[in-house]
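Below, read A as the first sequence line, B as the second, and so on, with proteins coming before strands; counting in each chain starts at 1. Both backbone and side-chain heavy atoms feed into the values below; hydrogens, waters and symmetry mates do not.
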2 protein chains.
Amino acid sequence: MKVLIVEDDPLHRSYLHEAVRAALPECDAVLEAENGASGEIQARKSRAEHVVMDLQMSERNGIEAARTIWRERPDTKILFWSNYSDEAYVRGVSRIVPEGATYGYVLKSTSDERLRLALRSVFVESQCVIDREVRGIQQKSLGNAHGLSDAEYEILVDVALGLTDKAIAQRKRLSLRSVQNRLQSLYEKLDIYQLPGAEAEGWYNLRMRAVTVALLRKVLNSSALERAERELRDSISS
Amino acid sequence: MKVLIVEDDPLHRSYLHEAVRAALPECDAVLEAENGASGEIQARKSRAEHVVMDLQMSERNGIEAARTIWRERPDTKILFWSNYSDEAYVRGVSRIVPEGATYGYVLKSTSDERLRLALRSVFVESQCVIDREVRGIQQKSLGNAHGLSDAEYEILVDVALGLTDKAIAQRKRLSLRSVQNRLQSLYEKLDIYQLPGAEAEGWYNLRMRAVTVALLRKVLNSSALERAERELRDSISS
DNA sequence: GCAAAATCTGCGGGTTCCCGCAGGACAAGC
DNA sequence: GCTTGTCCTGCGGGAACCCGCAGATTTTGC
């Protein structure tokens with residue numbers, strides 16, 4: 001069995017290396033990559049079928065790297081290992097996991113023992129392991145109590161990129177009014193209305209405020225923004 | 001000599017502990033705190049005059065913790081130790097460092113040897129040590145070639161919080177038009193105009209786009225946003 | 001197959017934003 | 001004193017935004 005570790009922090013990388021060695025005696029080769037880009041290359045070259053992947057790396061983050069790895073070999077088993085359980089990450093991951101693939105998502109703050117268990121479960125037993133906390137986020141974002149639908153999320157991203165209503169309408173093949181409809185439901189879902197400043201009438205620019213609230217609640221994060229910006233540039237240049 | 005380490009990641013914390021022990025044999029006590037809030041308390045209680053501080057912690061980030069520590073004892077020597085050199089962090093730090101205080105700013109990616117040197121320089125020699133890269137950011141943000149003035153930066157923050165022009169004018173005791181003037185200079189400084197999408201006429205909502213660009217360039221980051229949001233709430237409730 | 005619910009769409013208006021123009025306040029330099 | 005530069009301020013208008021209303025279209029549930 002070969003395991004590929006993709007992690008930019010040297011300390012965490014060697015810690016992971018150690019953990020893999022301890023948890024998987026049947027593992028005969030541990031490879032390391034220090035960012036998403038070189039992770040993709042190593043995965044392609046070594047044909048590793050087991051990957052431990054950090055999210056939030058410079059160069060190319062874990063989500064993008066995982067997507068291309070899975071595109072090439074959908075049966076790769078990937079264990080995501082992240083500092084945060086931002087809704088943006090959770091949503092990003094579940095967006096790219098292929099049908100029937102096995103993966104895991106554990107937090108860096110987890111204990112050695114649970115990391116060991118996760119490694120064995122995902123890589124040996126082919127069983128999905130999602131951290132409790134991450135699971136909670138998943139639930140919340142699905143149950144549309146306060147969670148955003150996919151349509152609303154996409155609008156949010158486009159707005160956050162700084163596009164006008166008209167531009168969004170064009171990109172999404174919608175009428176102007178439909179875009180504004182989605183925006184309104186976004187404002188409601190994010191509770192833009194009751195806010196610090198009590199009888200705030202005209203104190204907030206709703207469009208801007210929605211994005212800010214999304215950032216503060218980690219529904220969006222800068223990593224998701226960077227991805228979206230790159231896609232926007234691609235879609236324009238083509 | 002007593003040294004207080006404030007760092008939320010256990011691995012990095014123990015690595016720092018080791019580095020301090022090795023670099024400062026005259027140090028007879030190493031204390032640890034795992035976030036900004038408990039860091040403040042420990043600093044107060046132990047009267048430590050030497051602090052190694054991570055930025056970007058949950059609970060209370062390094063900048064806020066450093067500010068209260070320095071407010072209580074301005075002669076405390078603080079070495080900031082961060083993953084990133086975001087302009088938002090650099091600006092935040094230089095905003096709070098008191099007159100004549102000695103401090104340092106090194107990146108986590110630096111070598112063991114340079115960390116050792118920084119520890120000795122700041123704590124023993126009372127000499128400021130700023131990482132080359134960080135220094136570069138500082139220069140750039142001061143030289144107003146593309147750097148924002150303080151006035152523009154504050155406007156940027158207020159806009160990012162989602163306030164309307166009118167609200168900002170009121171908070172800052174300015175006329176509406178003045179706020180808009182500063183906004184315009186902000187747009188120019190951030191190069192909002194030439195953008196992906198060539199003959200983009202009316203494709204971008206400038207106000208939103210400015211914030212997005214600032215985020216992508218790390219002029220702003222979510223940590224700075226959170227701080228600003230808290231200050232906003234305080235200023236309203238009072 | 002039909003009714004209910006959810007979405008999309010056009011119209012119209014009030015408000016906010018973006019910004020050119022022009023005048024006033026204040027400091028620095030010859 | 002005059003000029004030059006920088007910043008603040010008011011006015012006005014075109015564009016974009018926010019959103020209620022109402023009809024059309026699609027989806028959902030039974």
| request: Using atom CZ of B:R207 as one end and atom P of C:dC18 as the other, report the distance to the nearest whole Å. | output: 5 Å

| remark: Per atom distances to the A:S175 side chain, the nearest of C:dT9, C:dC17, C:dC19 is C:dT9

| query | Could you state the CG-C1' distance from B:L190 to C:dC18, rounded to the nearest angstrom? | reply | 16 Å

| query | Can you tell me how far C1' of D:dC17 sits from CG of B:L206, to the nearest Å? | reply | 13 Å

| query | Nearest to the side chain of A:L174, which nucleotide is it out of D:dC19, C:dT9, D:dC17? | reply | C:dT9

| request: Look only at the side chain of B:D86 and the backbone of B:Y89, and say whether a donor-acceptor pair between them is shorter than 3.5 Å. | output: no

| request: Mind checking B:R182 for me? I need base, sugar-phosphate or nothing, with any heavy atom below 4.0 Å counting as a touch. | output: sugar-phosphate

| said: Nearest whole Å is fine: how far is D:dA16 C1' from B:D165 CG? | reply: 13 Å

| note | Out of D:dC18, C:dC8, C:dC11, minimum distance to the side chain of A:R177 belongs to C:dC11

| query | Taking CZ from B:R209 and P from D:dA15, how many angstroms apart are they, rounded to a whole number? | reply | 23 Å

| field | 5' precedence on DNA chain D between A:N181 and A:T164 (nearest-nucleotide basis) | value | A:T164

| note | Rounded to whole Å, CH2 of B:W203 lies from P of C:dC18 at a distance of 19 Å

| query | So does B:E64 pair up with B:R227, basic N to acidic O under 4.0 Å? | reply | no

| said: Can you see whether A:N83 engages A:Q56 through a side-chain donor-acceptor pair at a distance of less than 3.5 angstrom? | reply: no

| query | Under 4.0 Å between a side-chain N or O of A:Y193 and OP1 or OP2 of D:dC19? | reply | yes

| message | Under 4.0 Å, counting only non-hydrogen atoms across every strand here, what does B:L176 touch: a base, just sugar-phosphate, or nothing? | response | nothing

Which atom pairs, one a donor and one an acceptor, fall under 3.5 Å between side chains of residues 121-132 of chain A and the rest of the protein, sequence neighbours left out?
unit_1 : atom_1 : unit_2 : atom_2 : d
A:S121 : OG     : A:L117 : O      : 2.8
A:S126 : OG     : A:K77  : NZ     : 3.1
A:D131 : OD1    : A:E133 : N      : 2.8

| With a 4.0 Å cut-off, would you call B:R182 and B:E154 a salt bridge? | no

| note | Separation of D:dC18 atom C1' from A:Y187 atom OH, nearest Å, is 7 Å

